[in-house]
Amino acid sequence: MLGFVVAATVLLAIVAAVVAARREPPTLDLDTPDGVVQAFLRAVLEGDDESAAALLSPSTGCDATDIANAFVTDSARILLVESDEDGDDATVTVEITESSGSGPFEGSEFSHEETFSLADEDGSWLIVGEPWPLYFCDRG
């Protein structure tokens, strides 16, 4: 009987872990710096260059073409590390774990932190500077 209880407990733990791993992250409010960065990164990773570009300040000089030309790996996991808001300016730091390739050893994976700078422009938070994965943009 004890073996059955232990097996059932282990099975429930495995099911809970699988369900938790497949759960979609919450969608953050676009009226917040965190929400803007989340929406930008989601759009970049999904190849929705126009939506990503709409979250960039015109001062960046970056547009949808720059986003389309940026290198992004096959998949990525992104975790919010820190967010700081100071008046009309904000920074959001995330940890990006990029994965690429597949095969018998599951390809490669590496992590890096990226800090996004944002400014409140006419009541909307927009990304300023040159955020990941954009390291240079045509200034036309």
Side-chain angles (χ1 to χ4, degrees):
M1 181 69 172
L2 180 61
F4 176 74
V5 172
V6 170
T9 303
V10 169
L11 181 61
L12 285 174
I14 291 170
V15 168
V18 168
V19 169
R22 293 182 181 216
R23 185 178 64 211
E24 285 291 316
T27 299
L28 302 176
D29 187 351
L30 275 173
D31 291 334
T32 66
D34 299 354
V36 170
V37 170
Q38 181 190 46
F40 174 78
L41 292 171
R42 184 172 283 153
V44 167
L45 293 172
E46 292 173 356
D48 187 353
D49 306 327
E50 294 294 331
S51 293
L55 299 169
L56 298 174
S57 169
S59 68
T60 65
C62 300
D63 61 21
T65 302
D66 296 306
I67 296 168
N69 291 330
F71 175 76
V72 180
T73 58
D74 298 340
S75 66
R77 288 186 320 273
I78 301 172
L79 299 173
L80 178 63
V81 174
E82 181 179 23
S83 181
D84 183 44
E85 192 175 325
D86 184 15
D88 290 342
D89 297 310
T91 56
V92 176
T93 302
V94 296
E95 180 181 84
I96 302 172
T97 302
E98 298 183 68
S99 304
S100 64
S102 62
F105 299 107
E106 299 301 318
S108 64
E109 183 174 281
F110 63 98
S111 297
H112 51 98
E113 279 193 5
E114 299 291 341
T115 299
F116 292 80
S117 298
L118 295 93
D120 185 339
E121 296 184 5
D122 298 323
S124 296
W125 287 105
L126 295 175
I127 298 170
V128 297
E130 293 178 341
W132 179 91
L134 306 170
Y135 297 107
F136 62 90
C137 294
D138 293 331
R139 301 253 185 242

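Numbers here simply count residues along the sequence, with the first being 1.
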Looking only at heavy atoms, what is the nearest atom pair of [X] and [Y], with distance?
X: Ala54; Y: Leu126; answer: O-CD2, 3.8 Å
X: Trp125; Y: Ala90; answer: CZ3-CB, 3.7 Å
X: Val72; Y: Pro133; answer: CG2-CG, 3.9 Å
X: Ala64; Y: Asp49; answer: O-CB, 3.6 Å
X: Ser51; Y: Ala43; answer: CB-CB, 4.1 Å
X: Ala76; Y: Ile96; answer: CB-CG2, 4.2 Å

Is the closest side-chain heavy-atom distance between [X] and [Y] below 4.5 Å?
X: Pro58; Y: Glu121; value: yes
X: Thr60; Y: Leu134; value: no
X: Leu41; Y: Pro131; value: no
X: Leu80; Y: Gln38; value: no

Where does the angle between the aromatic ring planes of His112 and Trp132 fall among parallel (under 30°), tilted (30 to 60°) and perpendicular (over 60°)?
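Ring orientation, 0 to 90° scale: tilted.
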Could you tell me the separation between the [atom1] atom of [X] and the [atom2] atom of [Y], rounded to the nearest 0.5 Å?
X: Leu55; Y: Arg42; atom1: CG; atom2: CZ; value: 12.0 Å
X: Ser117; Y: Asp84; atom1: OG; atom2: CG; value: 11.0 Å
X: Cys62; Y: Asn69; atom1: SG; atom2: CG; value: 11.5 Å
X: Leu118; Y: Leu56; atom1: CG; atom2: CG; value: 9.5 Å
X: Arg77; Y: Ser75; atom1: CZ; atom2: OG; value: 8.0 Å
X: Thr73; Y: Phe110; atom1: OG1; atom2: CZ; value: 6.0 Å

If we ignore hydrogens and angles and just use 3.5 Å, is the side chain of Asp63 paired with the main-chain N or O of Asp66 as donor and acceptor?
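Indeed, once roles are kept as given, a pair shorter than 3.5 Å links the two residues.
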Path from [X] to [Y] over hydrophobic side-chain contacts below 4.5 Å:
X: Leu30; Y: Val92; answer: yes
X: Val44; Y: Val128; answer: no
X: Leu28; Y: Leu45; answer: no

Side chain to side chain contact (heavy atoms under 4.5 Å, CB included) assessment of Val36 paired with Ile127:
CA-CA 8 Å; Val36 170; Ile127 298 170; 4.0 Å; yes
